[in-house]
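Encoded as structure tokens, the structure appears first; notes follow it.
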Amino acid sequence: MSENVVHLHKHTDPPADGTAPTVLTVVPEAPPARPVPLWVRSGRAVKTAVTHERTLSAGRSAVRHSLYTFNGGRIVARRAWDGRTGSRYERMIRAAEAAGNLEAAEEWEERLQRFRAARHHRRMDLLHSPVEAAKGVAVGAGMSIGVLVALGVVMALNTGHVGDVITPLSATVDFIALLIRIVQIVWGPALTIGPFLALLALWSVGRKQQAAPAWALPANVRGSEGEPITPSIVVKALRDLGVPALRNAIKEMGDAGASMLGPITIAGCGVEVDVTLPSGVATNEVQNKRRKLAENLTRHEHEVFITIPEAARTVRLWIADSGALDEPIGPSPLVTDETLTANYKTGRAPWGQDLRGDAAELSVYQRHLLVTGLSNQGKTAALRALALWLALDRTVQFWIADLKGIGDWAMFDGIAQVLIEGPSDEHVIQATEMVEAAVEEMNRRIEARRNDPTVVFEPLIVVVDEAQLAFMCPVVGEDKRPYGGSKATSRYFMAVRKIHNQGRAVDVLMWQGTQDPTDQNLPKLVREGAHTRASLVVGTESQAEMALGDKAVNAGAAPHLLRQGLDKGTLVVASDGIAIPAGQASITVRTHFIDDDPAAEIAARAKALREGATTLRVIERDEERDPLADVATVIGDAARLRTDEVLKRLHALDTAVYREWNNGRLKRLLEEHGQEPKKSHGVMVVRRDDVARALANRDTIGSASASQ
């Protein structure tokens, strides 16, 4: 029998018949893996167990609660020591001396002397107390026995049994024996449980004071919510601020550095504390370290506000709860309360909330208004919210120029007597002429006031949104006067200045909204003429000074430190029309946002109060005017209108055309069409029916002429 031979080596030459031999490759089996030593596996298991989150949490919890008990004992011991000795007064004296407050040091020294005198008196009383105590016990016991015997005599006389004389005395002895028995029973368990109760009390004190390292505290305390603000944390944050004089003064104060602090009080979504700085430390040195102070307090920069109150050498810190300023403040009362009304003279607009969480309400009575800030930060919404509230007072008139022209003020169609919408130079010209017409109305009112000091005028609010376009307008009029600019020949600038100078006396007020303020698009004389100045976030401190004034910024107002895009609708306001904490020059307000649909609903309520008022929309310059049709337009649905009111509305409609019109020119127009003004209650008026009849007659004559 033949056997097949398998060659285990490779032939270098191929076989002649082309058939390759079979090659068997032997692959050695991999050696078995070496077992991991027991000590390595044990080490890995121990490491995994030790570093596991549950183990870490358990360890932190054990350390935390142990230190609560230990440090609670230290706190109680310290309190007891302070109560028994004068160490507290001595700390206060050292702190006052380090702060340079000699009056406070003298006051604490007097308190220390009184404490020592009272303590000496108590100790002297202890020398005589044993004898007096013994006498008191003897007298008390004798009187008690006498009372009990007397009570027994009364009982014996009542019952006729002589043995009742000692009944009260024996009952008292039995009661005392019962008390002794109870004490004997309870004493053993009390000795066992007492130490545990004492430890529990110490733990409670330590837990309340968070007396444990930060790493051992619960996650919600050491994490996103920030550390609770305590006197020691505030003092440590000030000490580490990098101001040498402040650091050295705190070190000299020892552990009484908190004597610089006033009470830490809850203020809205944060806390507030006044810090009296030691001698040699200026308030602006702390103001300039706002970011570092915030980080020392485990807060973001925008969550700490530093202001300067009236008290000398004092800064006021408002420290927000971590993340609280990123939460919305809720809808405006204008949206939620459909019964809300407005009063121009006595009312206050519900504008938003201050940092304390209190309602921020603004009075607009006889106050010019300026709202500024970077683009798309809520300027128009803040300005419009005030106008929507004031629109609920039917006596208030509005002339509005929206130079953005995207419909932000469209809901005022039917409320405003003049509404200009558009960003072009032509719209800026119309807005300028509107403001100039307001100047003429102001002058008319001033003249009327001279003739009759008791006359009362309806408030006129002139609103120009995106006013920077008016100041920057390059167009020059036919009279060679530029519409924009800040020179004495600039038409918009001079018109606004005139209203700022005299308008409030006759209730003609200027409201302006502008963005990214500079000396070119917001001249100094105009911005300083506003009684209420409010700023959203701006880019630089110099812009903040332009928006609010140097005084407010030097006192702590910081719109340039707000966060662009994140603090939309947050305003820093300088005005006497809003409640500002005593000693501060400004207040930070988080305004309510009223969207377009709710704004339209509020405007509808205002229109219902005004019973169909007519809005005059300014037409384009190249359209030919029809005076008779314009008179019909300005009269609107009114049955009759005073001639001076008709002229005023014609001026607002097109100042360039009707600037020179007077009662005589209006009378001639009506007479040309077979009508004339008539008197009603002693006042010259134009009747709607007469104007309609004149229009009808003109159309009839025109049709007849065309047919011929």
Side-chain angles (χ1 to χ4, degrees), residues 267-270 272 302-303 305 307 318 320-321 323-338 340-344 347-365 367 369-374 376-392 408 463 465 511-513 515 530-538 544 547-548 552 556-559 561-581 584-599 601-603:
C269 56
E272 188 175 74
H302 71 277
E303 294 174 331
F305 288 80
T307 54
W318 185 86
D321 297 334
L325 294 183
D326 296 326
E327 298 294 330
I329 64 171
S332 168
L334 290 172
V335 177
T336 59
D337 185 2
E338 295 185 358
L340 192 67
T341 58
N343 188 297
Y344 162 74
R348 289 179 175 267
W351 210 9
Q353 292 181 1
D354 61 16
L355 295 178
R356 292 173 170 267
D358 299 329
E361 299 178 331
L362 180 69
S363 171
V364 299
Y365 176 62
R367 291 179 176 88
L369 175 66
L370 172 65
V371 179
T372 187
L374 296 181
N376 194 33
Q377 298 303 304
K379 167 181 53 63
T380 297
L383 193 62
R384 189 177 69 182
L386 294 176
L388 285 170
W389 171 79
L390 195 55
L392 297 175
D408 287 338
V463 181
D465 195 10
W511 289 11
Q512 295 183 97
Q515 62 178 253
H531 303 99
T532 296
R533 299 168 70 172
S535 176
L536 296 117
V537 57
V538 290
L548 300 176
L561 295 181
L562 296 173
R563 300 167 298 168
Q564 185 175 1
L566 298 177
D567 290 326
K568 285 188 176 182
T570 299
L571 288 164
V572 182
V573 184
S575 171
D576 61 351
I578 193 169
I580 296 178
Q584 296 182 197
S586 64
I587 186 172
T588 301
V589 177
R590 304 172 68 197
T591 58
H592 296 294
F593 175 70
I594 304 176
D595 210 344
D596 290 344
D597 292 339
E601 295 176 2
I602 298 169

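Residues take their numbers from the sequence shown, with the count starting at 1.
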Does a salt bridge link Asp465 with Arg384, judged by any charged N lying under 4.0 Å from a carboxylate O?
no

Evaluation steps, side-chain contact (heavy atoms from CB on, under 4.5 Å), between Leu369 and Val364
CA-CA 8 Å; Leu369 175 66; Val364 299; 5.8 Å; no

Does Thr570 reach the side chain of Arg563, with side-chain heavy atoms less than 4.5 Å apart?
no

Which heavy atom of Arg533 sits nearest a heavy atom of Ala547, and at what distance?
NE-O, 3.0 Å

Distance (rounded to the nearest 0.5 Å) between Ser535 OG and Leu571 CG:
7.5 Å

About how many Å separate CG of Asp354 and CD1 of Ile587, when rounded to the nearest 0.5 Å?
4.5 Å

To the nearest 0.5 Å, how far apart are CG in Asp358 and CD in Gln353?
8.0 Å

Side-chain donor or acceptor of Trp351 paired with backbone N/O of Val589 under 3.5 Å:
no

Is any side-chain heavy atom of Leu392 closer than 4.5 Å to a side-chain heavy atom of Leu334?
yes

What closest approach, in Å, do Val538 and Ala544 show between heavy atoms, and which atom pair accounts for it?
CG2-N, 3.7 Å

Could you check whether any side-chain heavy atom of Leu536 comes within less than 4.5 Å of a side-chain heavy atom of Val371, counting everything from C-beta outward?
yes

Calculate, to the nearest 0.5 Å, the distance between atoms OG and CG belonging to Ser332 and Asp595 respectively.
12.5 Å

I want to check something: taking the side chain as every heavy atom from C-beta on, are Pro350 and Leu340 in contact at a cut-off of under 4.5 Å?
yes

Where Leu386 and Ala349 come nearest, the two heavy atoms and their spacing
CD2-CB, 3.6 Å

Which pair of heavy atoms, one from Leu374 and one from Gln515, lies closest together, and at what distance?
C-CB, 4.4 Å

When Leu562, Asp567, Val572, Leu566 are each screened for side chain to side chain contact (heavy atoms under 4.5 Å, CB included) with Val537, the one that passes is Leu562

Does the side chain of Trp511 come within less than 4.5 Å of Leu390's, by heavy atoms?
yes

Could you give the distance from CH2 (Trp389) to CD1 (Ile602), rounded to the nearest 0.5 Å?
13.0 Å

Heavy-atom count check: over 12 atoms from other residues, nucleotides or ligands less than 6.0 Å from Asp597 CG?
no

For Lys568 and Asn376, run side-chain contact (heavy atoms from CB on, under 4.5 Å): C-alpha distance rounded to whole Å, both residues' side-chain angles, the deciding distance at 0.1 Å, then the answer.
CA-CA 8 Å; Lys568 285 188 176 182; Asn376 194 33; 3.6 Å; yes

Test item: His531 side-chain N/O and Ser575 main-chain N/O as donor-acceptor pair under 3.5 Å
no

Nearest heavy-atom approach of Ala585 to Ala574 is O-CB, 3.8 Å

Separation between CG of Leu383 and OG1 of Thr372, rounded to the nearest 0.5 Å:
11.0 Å

For Glu272 versus Ala267, what's the shortest heavy-atom pair and its separation?
CB-CB, 4.0 Å

